[in-house]
Enquirer: 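Structure provided below as structure tokens; questions to follow.
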Amino acid sequence: QVQLVESGGGLVQPGGSLRLSCAASGISFSNYVMSWYRQAPGKERELVGSIVRDGGSTNYADSVKGRFTISRDNAKNTVYLQMNILKPEDTAVYYCKGTSWWGPTYWGQGTQVTVSS
């Protein structure tokens, strides 16, 4: 019953922007810390950033600081990843993850982001 459904991926030129969305259902969304991860072909999955339950603070990997922004709308059960000034090295499958303080963790199916000219 729990679902994290990602959308918004696609092909974008270097320097462009893209906004990913992750819509959650089957969980009490506001109880979950939400994170974005990405995995490029042949590479390990890496943490992009996270946002606390009330959206009051975020953290980001050094590689995306100043370019990416995570936000959430608890009324819509949705977390977003705004990606600006995209680079070819940002090309990856992007995954949404939700983690409760008591342990359960859920993953989205992933959405492909390709940055290429």
Side-chain angles (χ1 to χ4, degrees):
Q1 185 173 332
V2 175
Q3 285 189 302
L4 300 178
V5 180
E6 294 152 298
S7 61
L11 175 65
V12 64
Q13 294 185 4
S17 298
L18 209 59
R19 189 176 80 156
L20 307 183
S21 299
C22 173
S25 60
I27 63 171
S28 54
F29 183 76
S30 63
N31 286 331
Y32 284 74
V33 173
M34 302 301 298
S35 301
W36 288 95
Y37 287 74
R38 66 185 182 185
Q39 187 167 23
K43 299 183 67 177
E44 297 289 324
R45 187 172 298 187
E46 64 176 345
L47 176 65
V48 175
S50 299
I51 186 166
V52 298
R53 296 187 300 163
D54 66 355
S57 66
T58 54
N59 66 275
Y60 302 94
D62 288 342
S63 59
V64 306
K65 284 181 180 177
R67 299 189 298 120
F68 289 13
T69 302
I70 299 171
S71 61
R72 67 191 295 163
D73 187 338
N74 286 346
K76 296 182 178 179
N77 290 349
T78 301
V79 62
Y80 305 94
L81 179 64
Q82 178 67 49
M83 304 183 292
N84 299 324
I85 321 176
L86 282 160
K87 304 174 180 180
E89 51 263 44
D90 295 319
T91 295
V93 177
Y94 284 72
Y95 298 90
C96 174
K97 184 184 81 171
T99 302
S100 64
W101 71 265
W102 62 93
T105 296
Y106 302 99
W107 290 87
Q109 81 286 357
T111 185
Q112 177 71 48
V113 173
T114 302
V115 184
S116 176
S117 59

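Basis for what follows: all heavy atoms, side chains included, without hydrogens, waters or symmetry-related copies. In this text, all values refer to a predicted model and were calculated from it rather than measured experimentally.
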Enquirer: How far apart are the closest heavy atoms of S71 and V79, and which atoms are they?
Expert: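 Here S71 and V79 meet closest at O-CG2, 3.2 Å.
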Enquirer: Classify the ring geometry between Y106 and Y32 as parallel (under 30°), tilted (30 to 60°) or perpendicular (over 60°).
Expert: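 Tilted: the ring planes of Y106 and Y32 meet at 30° to 60°.
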Enquirer: Under a 4.5 Å side-chain heavy-atom rule over Ile, Leu, Val, Met, Phe, Trp and Tyr, are V2 and W36 clustered together?
Expert: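 Same hydrophobic cluster.
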Enquirer: Tell me which pairs pass salt bridge (Lys or Arg N to Asp or Glu O under 4.0 Å) where either residue lies in residues 6-19, with sequence neighbours left out.
Expert: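 Salt bridge (Lys or Arg N to Asp or Glu O under 4.0 Å) check on residues 6-19 returns no pairs.
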Enquirer: Mark yes or no for whether R72, through its side chain, and G55, through its backbone, hold a donor-acceptor pair below 3.5 Å.
Expert: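 Checking the backbone N and O of G55 against the side chain of R72, no donor-acceptor pair under 3.5 Å is found.
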Enquirer: Could you tell me which non-hydrogen atom of N59 sits nearest to which non-hydrogen atom of I70, and how far apart they are?
Expert: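 Shortest heavy-atom separation between N59 and I70 comes out as O-CD1, 4.4 Å.
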Enquirer: Does any part of the side chain of F68, heavy atoms only, come nearer than 4.5 Å to the side chain of L86, both counted from C-beta?
Expert: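 When only atoms from C-beta onward are counted, F68 and L86 do touch, with a gap below 4.5 Å.
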Enquirer: Can you confirm whether more than 12 heavy atoms, excluding those of E89, are under 6.0 Å from its CD atom?
Expert: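 Yes, the 6.0 Å shell around CD holds more than 12 heavy atoms from other groups.
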Enquirer: Run the ring-ring contact (aromatic ring centres under 6.0 Å, His included) test against W101 and tell me which residues pass, sequence neighbours left out.
Expert: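 ring-ring contact (aromatic ring centres under 6.0 Å, His included) check on W101 returns nothing, list empty.
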Enquirer: Might you point out which heavy atoms bring T78 and S21 nearest each other, and give the distance in Å?
Expert: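 T78 and S21 have their closest heavy atoms at CG2-CB, 4.3 Å.
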Enquirer: Which pairs count as salt bridge (Lys or Arg N to Asp or Glu O under 4.0 Å) when at least one residue sits in residues 27-41, sequence neighbours excluded?
Expert: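 Sorted result for residues 27-41: R38-E46, R38-D90.
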Enquirer: Taking all non-hydrogen atoms of both residues, which atom of A92 and which atom of A40 are closest, and how far apart?
Expert: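 Distance-wise, the nearest heavy atoms are CB-N, 3.8 Å.
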Enquirer: Would you give the length of the straight line joining atom OG1 of T111 to atom OH of Y95, rounded to the nearest 0.5 angstrom?
Expert: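 If we round to the nearest 0.5 Å, T111:OG1 and Y95:OH are 10.0 Å apart.
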Enquirer: Closest approach of L18 and G10, non-hydrogen atoms and distance?
Expert: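 So the minimum-distance heavy-atom pair works out to CD2-N, 3.9 Å.
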Enquirer: Mind listing the closest non-hydrogen atom pair of S50 and V33 along with its distance?
Expert: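 Heavy atoms of S50 and V33 come nearest at CB-CG1, 4.4 Å.
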Enquirer: Please say whether more than 12 non-hydrogen atoms of neighbouring residues, nucleotides or ligands are located less than 6.0 Å from CD in Q3.
Expert: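 It does not: Q3 CD has 12 such atoms or fewer within range.
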Enquirer: Is there any salt bridge (Lys or Arg N to Asp or Glu O under 4.0 Å) pair reaching into residues 99-117, and which pairs are they, with sequence neighbours excluded?
Expert: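 Applying salt bridge (Lys or Arg N to Asp or Glu O under 4.0 Å) to every pair that reaches into residues 99-117, excluding sequence neighbours, yields nothing.
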Enquirer: Would you call S100 and N31 a side-chain contact if the rule is heavy atoms closer than 4.5 Å?
Expert: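 SC-SC contact between S100 and N31 ruled out.
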Enquirer: Within this structure, what is the OG1-CE distance for the pair T69 and M83, rounded to the nearest 0.5 Å?
Expert: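 Going from OG1 on T69 over to CE on M83, the span is 11.0 Å.
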Enquirer: Quick one: are T99 and S35 in side-chain contact, heavy atoms under 4.5 Å?
Expert: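 A side-chain contact under 4.5 Å is absent here.
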Enquirer: For the SG atom of C22 and the NZ atom of K97, what is their distance to the nearest 0.5 Å?
Expert: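 Rounded to the nearest 0.5 Å, the SG-NZ separation comes out at 12.5 Å.
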Enquirer: Would you say that S25 contacts N77 through its side chain, given a criterion of any heavy-atom pair below 4.5 Å between the two side chains?
Expert: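 No - every pair of side-chain heavy atoms lies 4.5 Å or more apart.
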Enquirer: Look up atom CG in L4 and atom CD in Q109, then write down how far apart they are to the nearest 0.5 Å.
Expert: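 Interatomic distance, L4 CG to Q109 CD, rounded to 0.5 Å: 8.5 Å.
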Enquirer: Would you say V93 and V12 are hydrophobically clustered, going by side-chain heavy atoms of ILVMFWY under 4.5 Å?
Expert: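 Different clusters.
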Enquirer: For the residue pair Y60 and R67, establish whether any side-chain heavy-atom pair is separated by less than 4.5 Å.
Expert: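 No, their side chains stay 4.5 Å or more apart.
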Enquirer: Taking only residues two or more places apart in sequence or in another chain, which ones pass ring-ring contact (aromatic ring centres under 6.0 Å, His included) with Y94?
Expert: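 Counting only residues at least two positions away or on another chain, Y94 forms no ring-ring contact (aromatic ring centres under 6.0 Å, His included).
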Enquirer: Which residues satisfy the ring-ring contact (aromatic ring centres under 6.0 Å, His included) test with Y80, sequence neighbours excluded?
Expert: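 Once residues adjacent in sequence are excluded, Y80 has no partner under the ring-ring contact (aromatic ring centres under 6.0 Å, His included) criterion.
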Enquirer: Just by distance, do the side chain of Y37 and the backbone of W107 share a donor-acceptor pair under 3.5 Å?
Expert: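 Looks like no, no N/O pair under 3.5 Å.
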Enquirer: Main chain of V115, side chain of T91: is a donor-acceptor contact present, judged purely on distance under 3.5 Å?
Expert: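 Indeed, once roles are kept as given, a pair shorter than 3.5 Å links the two residues.
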Enquirer: Just how far is it from atom CZ of F29 to atom CZ of R53, taken to the nearest 0.5 Å?
Expert: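 Rounded to the nearest 0.5 Å, the CZ-CZ separation comes out at 12.0 Å.
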